[in-house]
Amino acid sequence: MDLATNITSSCRVRVLLVPVPPIKTSTFWKHVELVKKFSVVRLGDVTPDLQKGAGAMFSSQVFQEGQMHFQFTTTYTRDHAHLEDFQPHRRIFGVIGVMDCQEWKDKDLSEGYKHFVDTLHKYPTAIATRCFAFDPTETQPDDTKGLIMIPNVGNMSFYMSTMICDFASEILSQFSILANRIENLPSLESPLPRSYYITQQFEATNNNGVMPQPSVSTPGTPYNNHRQSQPPKPTQSSSSSLLKRASTPVGNIKPPPLNHHPQTPPLPQQQSTFSPKLPRTPMSPPLPSPQPTMTRSTSTHGQGESGKTKRRTPGRVKKLLADLYLLAGRLPDAVNHYSQAIELTKTTSDYLWLGSALEGLTCATLLLEYLHADVGHIVSRTQSAPGDIPGETPSSPTSEVPPSSLLGGPRSTLSEVMQRYASLIQYYSKVSTTSTVPMPSLIYAETAIKMSRFLLTVYANGGWSDKVLNLLIQGRLNGESSTDTVTGPQRFMSVDDIIKHKESGIPRHDIAEWVTKVWTARLDDLSLVDQINIMTHMSSVLNAIGYHRKSAWLMYESVNRMLPLLIQSRATLASSRDQTKKDHSKNDDGILQVLKRICEVYGLGERNVHDGGALGALQGQDDGSNKQRDVEDGVRGAVAKEQLRFGWPKLQIDILRQCIAIAEALPDYGAVLYYTTVLLKNLYQYISKDEQIRLATSIQRIVAMGKRVGQVESNVNYWGVNIVSNIEALLPIPRKAVYQHPIADSVAAAATTPAANGDPFIYNPFTQKRNEKPQVILVKDETCEFKVTLSNPFGFDLELQNVALSTTDVPFNAVPATATIPANGTLNLRLTGTPEETGTLTVRGCIIKIVGFAEQEFLIDYSQKMKEATKDSRGRYTKEEQPKNELIKLKRSGLNALQTSRKRETSDELKPIQFYELNVIDDQPLLKIKSTSLLHDAVMLYEGEMTHISIELENIGNIPVDFTSLSFVDSTTANPLPVNPELPMEEQYEIELYTKGMHVFSWEGSKDQMAQFVGKNIQLPPGGQWKIIVNVYGKRGCTGGTIQIDYGYLNRKEQSSSTSFYTRQLYLPVLVTVYQNLEPLNWDILYLRHSAPVPKNEIDSALQRISAIDLNKGNAFDQPIEDLLLITRHFDDENNRNDYCLVTLDVRNTWTVPFDVEFVIDNSDLENTDKKLTSVVTIQPGSTKRVTVPVKRLFLDVEECLKPVPSLEPNKQFVVSQGPKIPPEQERARLQMFWYRESLLKRIQATWRCCSTGRHGILNLRPSLRLTPMQLSILKKEDIEFIVEMKGNVKKATHRRFECKCNDFVTMEVSIHNRHGSYYYAKRKYSLHHFKHCNSRISILT
Amino acid sequence: MSIYYFAIVGATDNPIYETDIIPSSRSSSLIDSSRHLNQFIVHAALDVVEEVQWGTQAMYLKSVDRFNEQYVSAFVTANNVKFMLLHDQKSEDSIKNFFNEVYEVYVKILMNPFYEKNSAITNPQFDNRVKLVARRFL
């Protein structure tokens, strides 16, 4: 088969090389190669025709520089027999038998020759035959006539070339006979295109030797004509002797008259006339049947058509003669005849022949130019002899090429050829307008291919040059070697290649345009083999110019057309024998390679898809040592390949389906498996559910079949899609959770960290938050749970027979589970397991066995998850990640993108896979709360009341507990309201006192009762019990709290070196209800006027009465107001003024039972240490009682009053006040107010008691006390006090009351007492000096 | 009226959007049969687009390829997304207008912050707009 259709193929004489059996295949091919070396014969060397000499029509001596080009083929098909009369170069002109003498050692060689002669009838078109016997032994006689012995000694090539020249001479002499016959033809018909028939297509491919019937359903008339020119050849060849040839033509030329009467009756007659003459023509039997049917259709216009044919015949004859001259190497004559033919056909608008003549002319001119370049001395000759060239140019449609340019300008040759082809293809396309005979598609297609190949040769070799011409003549594309890199199967054309070829000046687009012209021919009319042939041509040309997609499409189409042939041949093979399978599997590689290439271009290359190891199974390299690496690569690859998704899904599906079909036809189970898995795994999104199920089941079927044949290994995984999407350790229940603590003092560490940061803010909202997520710590020998998220992207349910965690590093007892993932769904599965040793547990993923498939490990790359997690928390990518992920995508497009992505993957940019790691620690104790003293975990309290809760703990673990700590959280402190820094300091102090200063819970028996976090070392062996008592205080507004018990086992010997310890926690939530029972209000401080002093004994008795009041006796008390007031009237000896003031407040009982309220007033002073005064009052439900308490007036030192307001919060954020600056005096007054209030509250304490229930508590007076400046001035002793004292004959009645006689001089001494810290100026005129100290006294004499 | 096949092809040869623009009179069954062929034609024409796009400054590349009686016109956007139109009548101006209009709609899609580049356009409004533009110009 002529695979290399070329622009110069019309100058080649086709010679068939046939083996003469018995001969070894290799030997035959060796000899074929030998013969092929002599494919070019110089006419000057050809033996001149002895009979006619130089006068012979095709004498070799006329144009000695000419060359004859032989094309030696080894296959023979009559597919294009109908075109042979139109284009003689298609015809097999000679047959050379190749005989191996070694096989005939003991037999007569003539037998073999006879055998060869007998087979010649199969090649009816051959006009010359030879039989070469190679490698003769000495003993074999060279006596067989017609058999040519080729000795393997001596100058063999000379001998061979002589033989070939001789052979050429015979062909040339036969050409003249042919030419004669052609000249005598009355009419020449156009060839008929091969029309649609299917029946014989397969025969055509299966047996090369038996020629197929060219056309069956062709119209009758042309067919007759076709036969007219045909008959000579069968007769010649069948006889294989030159003698008969002269006689045969006579009978053959006779039939033409029949054309004028193409009715049905003559046809049988014609048939009858022919059949005796051509008894051995193998094509005659099928003829009769179709003819009657066909003639009817064309009979109507048969007359006109035949007339036209007659008119056109002279031009056609000229064209055929020119073709023969071209074949004979007589280029000047060829050009001459061609130009004549062109003129003639033009006038008769016989476009088909015109086009063909132009084609021949182009070929001839190219050859001429080649000869000029080759043989320098011939120039003079050609200028004289081919006056044909100028003669030809006007006839050429372009008619602008001067003869000189043909020799000189290389560019013009190129453009001339292009223009000539452009016009001739135009002529071809016009054929159907002027003739009823349609344009043969094959010729049209081949013309387009010829041109595209011509252009490609120029393109690939960088412009027009002698070298290109040389290559064109040789019919090769590339000068250097046959393995051209551009068309290599795995590569795409790079930009560099394109630039390299750019200088040729031929845009790739032009080449592609010529290729696409092939489509305009109706390819469907051609036989399958021709279609495949043409498409392969197109594909290779397109591939060479870098149009890979087009090329791949054509490959796809041609493979599509091969499919029926494949199936057919398989079927015949299967029916015959299975033994030859091995040979075929070798040949199958070719088609599989083609499929691979197609897939690559469509983005389905091996690098771009995940196949789940099916490819590895194909190549059979899945041995155990690198399996580990393979698996990891698989995970990584799957992740990476997600980004490399490439191509057009719908087309990919088509391609893959076809690949599967082809692979099934072969059958290659490995390939079927590969393509099925690729289709299922990569494109499941685009495939319907039914087909997915079908594919999934077919995978199992294929594996089963493949195993039977032995092509597929059994232990391969087929699930490349990672169905495990996430694995996460679940936090255990709070009771079992383990917490890690550093061994170093945690408080100290916490205190230093903010300072170390250099951050002036205690809370900075802009600092990066640490990951607050509690880390899961596994405990040895305790069951832990993992949440595994499985997803099924397929359209069918996945039944998991066995799912278990896959872990390393620490022995882990994983508990397997079963599950079914619904179609297109995700499933959260809880998998459990028990770590059996301490250390770091690495969770690799899951081992999953899907029903019907092999067990497989699915890995999880934790680093990917982490990235996502950070992305989620921050809401966006960090700066480096973002461009990386997006820009690469669009950097290149099309096939370039495909190539670069592959490069990226190979450059190993991917990070190593990172698994999920967990810490496994030693055994931990376990406690439980056995019982509490609470009912329903709830406590009801009155405000200020204190109760106890007892908690009983039991160690239910295996190891003792040696450490516990209690910490408490209550609703008021758990989330305290942020203190508004704008508030006055006093109020902030109040709020802090409320949140921080009063604790709801405290641990009874601990050193620091009020501490909220207390640790203790204890000993609690397994099974032991322990009781804890916790105090609960009724704090206003508290609704509940939590008692947290941390415990652990710290004194392990082996853990002494570690830097952290672990505890577990127990929680006891407590509901607290606090009722407000008593409400103090309406504070006031009253000034006590001085009244008469009371004797000391009365005061003492009053004190006694007050202290005699016992709360335990009686149930209703009233305040002993009189007694209390009596006490205020107590005076010193020194006659100091009365120091008391009255503090009154109302207390309201808002509850439903009476309460006794006891006030304790601490009037102790620096000077006198009185006993505390107590006062009890019973308040009935709903009623309000006024309580009056005598309190000694206070005086605080200046320094004390100027102390800043304290704060209970150690880490208080300092905030610069934004309010207006307070004047210093005002500030001082406020501080004074604060401190006096504090000391007043210190002096007055109140407790309450419920007689009926026996409950008691503290009455918090603080919130209700608001001092006004007026009240303060009463409470506070004056800064400066005047003490008047009379001396002399004076009797002191009471304070500032004196009795003296009239007209008696007494001395009045006025002393001024300055309590204030600063200096005062006494404004007496003569006592203007400074007093440095308090209590200094001035005596003024009046 | 003739049948058109319009596709937007992304950087990795993947169709971002494809639609058949058919007159309502024709039956849809006819389209189904020819659809895959259309896709093959358009995909193959990408080869030519990749060559031609570097030779011109215009975004509209006119008719770049032909297959039998069908032509492929192409339009390349700034970030190398290709609009491919398969048609059987030559009318450069209307196709140019069509491409320009579709480009405008496409740019609006691109401006959507939720649209991921090089992913399929599933917005039904885009579909409607394209069909509207097609009715107007083709």
Side-chain angles (χ1 to χ4, degrees), chain A residues 492-493 495 498 502 507-513 515-523 542-543 545-554 556-557 601-603 608 643-655 657 685 885-898 900-901, chain B residues 5 7-20 32-56 61-72 74 76-82 84 110 113 115-120 122:
Chain A
F492 295 129
M493 200 175 215
V495 180
I498 291 166
K502 198 154 192 180
R508 298 189 290 155
H509 185 73
D510 283 358
I511 303 175
E513 208 168 298
V515 177
T516 39
K517 279 200 173 119
V518 175
W519 285 120
T520 28
R522 287 179 308 280
L523 284 183
L542 287 172
N543 199 34
I545 60 169
Y547 279 18
H548 301 290
R549 297 189 188 88
K550 276 177 185 278
S551 165
W553 182 28
L554 284 166
Y556 166 77
E557 289 287 339
V601 173
Y602 279 94
N608 291 72
Q643 298 170 346
L644 306 185
R645 184 51 61 75
F646 185 93
W648 197 307
K650 280 176 187 160
L651 299 185
Q652 288 175 339
I653 291 171
D654 259 21
I655 300 284
R657 279 187 191 143
Q685 295 161 38
N885 278 351
E886 298 204 354
L887 284 185
I888 282 173
K889 239 194 216 167
L890 300 176
K891 197 123 188 175
R892 284 157 188 275
S893 64
L895 296 173
N896 274 335
L898 193 61
T900 45
S901 64
Chain B
Y5 167 74
I8 299 178
V9 183
T12 52
D13 277 10
N14 52 332
I16 289 173
Y17 172 81
E18 47 181 333
T19 185
D20 288 303
D32 280 344
S33 60
S34 67
R35 180 148 185 164
H36 267 195
L37 183 63
N38 288 345
Q39 287 167 336
F40 271 113
I41 294 169
V42 166
H43 182 262
L46 287 176
D47 272 331
V48 190
V49 172
E50 275 183 8
E51 190 195 354
V52 174
Q53 67 176 355
W54 305 113
T56 173
L61 304 183
K62 302 189 178 149
S63 168
V64 290
D65 199 9
R66 57 176 293 191
F67 176 79
N68 288 349
E69 271 80 55
Q70 288 177 303
Y71 300 89
V72 181
V76 181
T77 73
N79 64 0
N80 215 349
V81 169
K82 292 141 194 141
M84 311 289 287
L110 272 191
Y115 172 72
E116 200 179 311
K117 273 174 214 124
N118 209 25
S119 65
T122 50

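Chain naming here is simple, since letters A, B, ... match the order of the sequence lines and numbering starts at 1 in each.
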Student: Please flag which part of Ile655(A) lies under 4.5 Å from any non-hydrogen atom of chain B: side chain, backbone, both or neither.
Tutor: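 Only the side chain of Ile655(A) comes within 4.5 Å of chain B.
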Student: Using ring-ring contact (aromatic ring centres under 6.0 Å, His included) as the criterion, list what pairs up with Tyr17(B), not counting sequence neighbours.
Tutor: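 Per chain and number, Tyr17(B) pairs via ring-ring contact (aromatic ring centres under 6.0 Å, His included) with Phe126(B).
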Student: What part of Val64(B) is in contact with chain A, defined as an atom under 4.5 angstrom from a non-hydrogen atom: side chain, backbone, both or neither?
Tutor: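 Contact with chain A involves the backbone of Val64(B) alone.
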Student: Under a 4.5 Å cutoff for heavy-atom pairs, which residue among Val52(B), Val49(B), Asp65(B) has the most contacts with chain A?
Tutor: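 Looking at each of Val52(B), Val49(B), Asp65(B) in turn, Asp65(B) comes out on top.
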Student: With Trp553(A), which residues qualify under side chain to side chain donor-acceptor pair (under 3.5 Å), at least two apart?
Tutor: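 Applying side chain to side chain donor-acceptor pair (under 3.5 Å) to Trp553(A) gives Glu557(A).
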Student: How many angstroms lie between NE2 in His548(A) and CG in Leu46(B), if you round to the nearest 0.5 Å?
Tutor: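 With rounding to 0.5 Å, NE2 (His548(A)) is 13.0 Å from CG (Leu46(B)).
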Student: Does the Asp47(B) side chain pair with the main chain of Arg549(A), one donor and one acceptor, at a distance under 3.5 Å?
Tutor: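 Confirmed, Asp47(B) side chain pairs with Arg549(A) backbone.
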Student: Pick one of side chain, backbone, both or neither for Val9(B), based on which atoms fall under 4.5 Å of a heavy atom in chain A.
Tutor: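 Side chain only.
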